[in-house]
Amino acid sequence: MTSALIADLEWRGLIAQTTDMEALLEKLNEGSTKFYIGFDPTAPSLHLGNLVVLLVMRRFQLAGHKPIALVGGATGLVGDPSGRNEERSLNDLALVEHWVGRIRNQLSKFLDFDGGANAAVMTNNLDWTKPLTALEFLRDVGKHFSVNQMLSKDSVSSRLESGGISYTEFSYQVLQALDFLELYRRHDCKLQMGGSDQWGNIVAGLDLIRKVEGGAAHCLTIPLLMKSDGSKFGKTAGGSVWLDPDMTSPYAFYQFWLNSDDADIPRFLKVFSFKNRVEIESLIATHERNPGLREAHRSLARELTSLVHGDLECEAAERAAQALFGHGDLFELEERTLVAALSQLPRTTVAAGEPLPSWVDLLAATGVVDSKSAARRIVKEGGAYLNNEKVLEESFIPTPESLLFGRFLLLRKGKRDLATVEVLPE
RNA sequence: GGCGGGUUGCCCGAGCGGCCAAUGGGAGGGGACUGUAAAUCCCCCGGCUCUGCCUUCGAAGGUUCAAAUCCUUCACCCGCCA
């Protein structure tokens, strides 16, 4: 069963590097294997980049292995230099603690913590890092590290060439190595996985385990996902795509997948979908036959929105998309359908007694544009629409006839950026 | 500690007393074409009470009719020397 897991991951393009594939296969074939992946609290939520790794965790658990999810309550206070060309600014203790709680909560949705023998375990590296004194750290841990080797790590050497690195971030790899050692001791955990940028940190852990415990452990890294045009995956104009529904709405999340570049779709399906190879290949074939229909986009959007936000939210997002982008007349829609669709969008409200603000003010108020200047620009360029009709006059004030069901306006910037205005009864 | 170089709008990077809201590229946005793709072409890209005004060129002062451009101090970065 296990080599089937590895074969599947390979087919999906989810394996970047392993320390020793033969030994790893052997280990996995022995039966349920404990493994860990760490997530540092650097924001109030995980994002799509984290999701790639998190779903690999899930795949391992579904294949019978036992996940240990580690939240970096300690490492998050220090800052990982990997993949960064400048020093991170330190976050406040209380803030990081708050983020730890939120991230724990998110992780718990993707893994099974209640199941049987291979139920997932949650840990926090602050548990063993906080009690450690500076002297213990230097004598018991630091002694096993050669600065020469530490300097040769990619994460450090690249920083020596760009803006330099503080002693704090330089020490990061030691903390992460210690985590692996602790989990090896406490949980007999012999496998750590992570993004391919984590290679150096993970290997530092393997070395430490060998030196201190004389033990052998394994490492598997997952490629960092890029878009086919070479840009960073998971970013939109508005920034990162978050898993938290308050930071990226389920509707926006669904739209992210639906709007993905055609060229990325086959890879995204392999990386994110839990459908099997036959199903995925058939979707890819359908997509190639008629890309305009975006069957594969829709399938992927649906699967992931359901997974991350639940079936109900997914259906709402999907119906909203149909209602708002369907080419029918908005006034013909059923009120319930329209209200549900609009509820997915960013909105602003106006009291019924108040006169409606001008076109430019409305656009700016909903946040589809950043400022009134931007609103003027967009109107002048012919990119602003009210209820799907282009409006070119900046000072235009919507009349009551424009109100859908007497209380809504649908604003659009460009092809796909929507917002709504609701007139509230007094 | 000493000497030299640097800090410009989201990013890179010109400008080196008035013609500078500041050249150019990238990212981003709008339009056209398509499919709520991509590529391509055209346009835009600090803010506002918008033919004008306000705030920006590391920070704070100063010189000048006038400063991103000159002077002083401070902070940070990067070299070389100790």
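The analysis underlying the following values was restricted to heavy atoms, covering all of them including side chains, and did not include hydrogens, waters or symmetry mates.
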To the nearest 0.5 angstrom, please state how far the CE atom of Met193(A) sits from the OG1 atom of Thr18(A). 12.0 Å
If the P atom of A66(B) is compared with that of C19(B), how far apart are they to the nearest Å? 14 Å
Any side-chain N or O of Ser373(A) less than 4.0 Å from the OP1 or OP2 oxygen of C48(B)? yes
Counting any heavy atom closer than 4.0 Å, what does Tyr254(A) reach on the DNA or RNA strands: base, sugar-phosphate only, or nothing? nothing
Salt bridge present between Glu335(A) and Arg407(A) (N-O < 4.0 angstrom): yes
Using a cut-off of 4.0 Å on non-hydrogen atoms, how would the nucleic acid contact of Ser371(A) be classed: base, sugar-phosphate, or nothing? sugar-phosphate
Under 4.0 Å, heavy atoms only, any strand: does Asp262(A) hit a base, just the sugar-phosphate, or nothing? base
Could you label the plane-to-plane angle of the His309(A) and Phe253(A) rings as parallel, tilted or perpendicular, counting under 30° as parallel and over 60° as perpendicular? perpendicular
Between Glu281(A) and Arg277(A), does any side-chain N to carboxylate O distance fall below 4.0 Å? yes
Quantified in whole Å, what is the C1' atom distance between nucleotide U8(B) and nucleotide C76(B)? 16 Å
To the nearest Å, how far apart are Tyr385(A) OH and G30(B) C1'? 8 Å
Lys415(A) has an atom NZ; how far is it from atom P of G30(B), in whole Å? 9 Å
How far does the P atom of G15(B) sit from the matching atom of C41(B), given to the nearest Å? 29 Å
Protein-nucleotide distance (Ile265(A), atom CD1; U36(B), atom P), rounded to Å: 15 Å
Within the 4.0 Å heavy-atom criterion, would you say Lys413(A) contacts the bases, only the backbone, or no part of the nucleic acid? sugar-phosphate
In this structure, how many angstroms lie between the C1' atom of A38(B) and the CG atom of Leu258(A), rounded? 15 Å
Could you check how far CD of Glu394(A) sits from P of C48(B), rounded to whole Å? 12 Å
Which is true for Ala321(A) with a 4.0 Å heavy-atom rule: it touches a base, it touches only sugar-phosphate, or it touches nothing? base
Classify the nucleic acid contact of Ile378(A) as base, sugar-phosphate or nothing, counting any heavy atom under 4.0 Å across all strands shown. sugar-phosphate
So what does Arg377(A) hit on the nucleic acid, given a heavy-atom distance under 4.0 Å: a base, only sugar-phosphate, or nothing? sugar-phosphate
Nearest-Å distance for atom pair CG/P, residues Asp370(A) and C45(B): 15 Å
I'd like to know if the side chain of Asn201(A) pairs up with that of Gln192(A) as donor and acceptor (distance under 3.5 Å, no hydrogens or angles considered). no
Rounded interatomic separation in angstrom, taking NE2 from His297(A) and P from U34(B): 19 Å
Take the protein atom CZ of Arg416(A) and the nucleotide atom P of G29(B), then report the distance between them rounded to whole Å. 7 Å
Sub-4.5 Å side-chain heavy-atom contact between Phe35(A) and Leu28(A): no
Whole-Å P distance, G58(B) and G6(B): 12 Å
Touch class at under 4.0 angstrom, heavy-atom based, for Gly383(A) against every strand present: sugar-phosphate
RNA chain B: Asn259(A) or Asp361(A), which has the more 5' nearest nucleotide? Asn259(A)
C44(B) to U49(B) separation - C1' atoms, rounded to the nearest Å: 23 Å
